[in-house]
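Not measured: the values here are computed from a predicted model. Residue numbers begin at 1 in each chain, while the letters A, B, ... track the order of the sequences.
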Amino acid sequence: MLNITLPDGSVRQVEPGTTGYDVAASISEGLARNALAVKVNGEIRDLSRPLTQDAALEILTWNDAGGKQAYWHSSAHLMAEALEVLYPGVKLAIGPAIENGFYYDVDLGEGRTISSDDFPAIEKKMLELAKNKSRFERREVPKAEAIAYFTQKQDPYKLELIDGLEDGQITFYSQGSFTDLCRGPHIPDTGPIKAAKIMNVAGAYWRGDEKNKQLTRLYGITFPKAKDLTEYLEKLEEAKRRDHRKLGKELELFAFSEKVGAGLPLWLPKGTALRERLEQFLRKAQVKAGYQPVVTPHIGSKELYVTSGHYEKYGADSFQPIKTPNPGEEFFLKPMNCPHHCEIYRTKPRSYRDLPVRLAEFGTVYRYEQSGELHGLTRVRGFTQDDAHIFCRPDQVIDEFKKVIDLVLYVFKALGFSEFTAQISLRDPANKTKYIGSDENWAISEQAIIQAAAEKGLTTVTELGEAAFYGPKLDFMVRDALGRRWQLGTVQVDYNLPERFDLEYVAPTIPSSAP
RNA sequence: GCCGUUUUAGCUCAGUGGUAGAGCACUUCCUUGGUAAGGAAGAGGUCAUGGGUUCAAAUCCCAUAAAUGGCUCCA
């Protein structure tokens, strides 16, 4: 007999081979009816998978994130099935569940496109197929057979995926006449999918690499009740009404002009009043926290950025230098304030007693963001950072870092940002060439951030490969009205700039707090 | 930068080959003691820009720009 521990702590004894569904049914008929998947020792699985050992078990329904995940992932398969019917020969890449719904990346083949006019037909076909209540059948497949299947189906994307999988780890899922390479898990059958909406279509690179072929990504969402879909769509409409771009125009806060240039906002009188009020509030908080306000120019000589390393990293992809009547003299619009602040630090000898030196500036910076990236006021080519640099001794790093976290949290609270994610952004250990600086300093910096965040009791997520090229960060991510995530604050540790700028007293450290 | 979509009056949009339309806003006048009030008249548009096809283009084609949904990027 197996011991199955339920979320309430009770333990049930079941025969090996009992499925998650059996357990749900033994608890209540309603639970069995609503069960979508099961979580076994933290891993989400099909309800139909037999239990083989003692486990902590949780029945997942629509009310669980994991249940929705299985449901939407299954919906992605359903959409793929509909696409195969409507667009014969379509090649499928990947189709995961996402926060709100799912998507599937597909290759329609030369000359074929999908537009929003085609959505209703796809939705209709999905619901039609869902009504069959086709079971999602899981099957373990030997690698050779998997290759044979997709070779016959002429699906290069699945073959590439299989190539990266180990024999014995490959599973297929089938529902109706549709079979897909898939790790799962899935809901028992397509029956619970009662409402479907294709949300939009967009391009997406195969495997997220812009050198690869661009596929068609179809976003969709499904619900167990038609009413849920209606409510979801209403919520989206409501969010659109709160979009800062719409409000900015209606309330006359800011505007853009093609003549001024893309991504270069014009602050209108009302917006400026708002902005100045915010600056006053922030400045007050900074002064109280021991920061000294400074002001630096909007441009800096090329030398400055060669020294900082930004020229090498971004020089070619950013605004190009400003020339002067003096041959060879070049200035850059400043893309960040750090180098300027380093030079302020250098203006006089610093005693260890002077540290930490905290410099703060509302520094306007200019970055040549890719044209496709511009977005309202959240991604622009000219913007003002609430930026500060702290020059401190190694033994002060953790403490200073914690103080910056306090300041960020204070500001977030005052401004009503109650929902945010603290993200520890570390370097990608598999791709060290993207970064500068020694392994040792990276290790120290990363450890400092992890420790400081832990000591402040922050709930964090850790992302590899999200660090800046010169150092790890603690990023504060917030959501806009449309649910999109943006980095609003960032605290960074940088051992490189002090070395590059020969800053003395002892190797200082620079965290920075950006907008 | 890449893929898709969009760009018509101040705003939100309709108009799909034959000399520009609506609602709101605006101007003037009238009505009305009341908080998105009613009526009348009126002004406002190189239909993003530049080419092309055509007897004729807002409408079809190409290029450019900007916006937008994603992707990639984000010092």
Cation-pi check, A:Arg381 onto A:Tyr368 ring (under 6.0 Å, within 45° of axis): yes

Aromatic ring of A:Phe256 stacked on base six-ring of B:A66, 5.5 Å, 30°: no

Sugar-phosphate only, base, or nothing, as touched by A:Arg245 at under 4.0 Å among non-hydrogen atoms: sugar-phosphate

A:Phe469/A:His310 aromatic ring centres below 6.0 Å: yes

Ring geometry between A:Phe391 and A:His389 (parallel below 30°, tilted from 30 to 60°, perpendicular above 60°): tilted

Sugar-phosphate only, base, or nothing, as touched by A:Arg207 at under 4.0 Å among non-hydrogen atoms: nothing

Base partner of B:C47, which must satisfy Watson-Crick or wobble distances under 3.5 Å: none

Among B:G70, B:A75, B:G1, the one nearest A:Ala202 by side-chain distance: B:G70

Touch class at under 4.0 angstrom, heavy-atom based, for A:Gln370 against every strand present: base

Pairwise C1' distance, B:C3 and B:A20 [rounded to whole Å]: 34 Å

Same-atom distance (P) from B:C61 to B:A67, integer angstrom: 24 Å

Touch class at under 4.0 angstrom, heavy-atom based, for A:Gly309 against every strand present: nothing

For B:A9, the Watson-Crick or wobble partner whose two distances fall under 3.5 Å: none

Separation between the P atoms of B:G15 and B:A43, rounded to whole Å: 26 Å

Touch class at under 4.0 angstrom, heavy-atom based, for A:Gly315 against every strand present: nothing

B:G42 - base-pair partner by Watson-Crick or wobble geometry, distances under 3.5 Å: B:C26

For RNA chain B, the residues among residues 80-102 of chain A that have a non-hydrogen atom under 4.0 Å from it: none

Candidate nucleotides B:A75, B:A67, B:A65, ranked by approach to the side chain of A:Glu258 - the nearest: B:A65

Lys/Arg cation over aromatic A:Trp486: A:Arg479, 6.0 Å, 45° cone: no

Who pairs with B:C71 - Watson-Crick or G-U, where each distance is under 3.5 Å: B:G1

Any A:Arg217 side-chain N or O less than 4.0 Å from OP1/OP2 of B:G4: no

Mate of B:A14 where both pairing distances stay under 3.5 Å, Watson-Crick or G-U: none

Separation between the P atoms of B:U19 and B:C47, rounded to whole Å: 15 Å

Residue-phosphate contact under 4.0 Å: A:Arg367 side-chain N/O, B:C73 OP1/OP2: no

Nucleotide opposite B:A36 in a Watson-Crick or G-U pair, distances under 3.5 Å: none

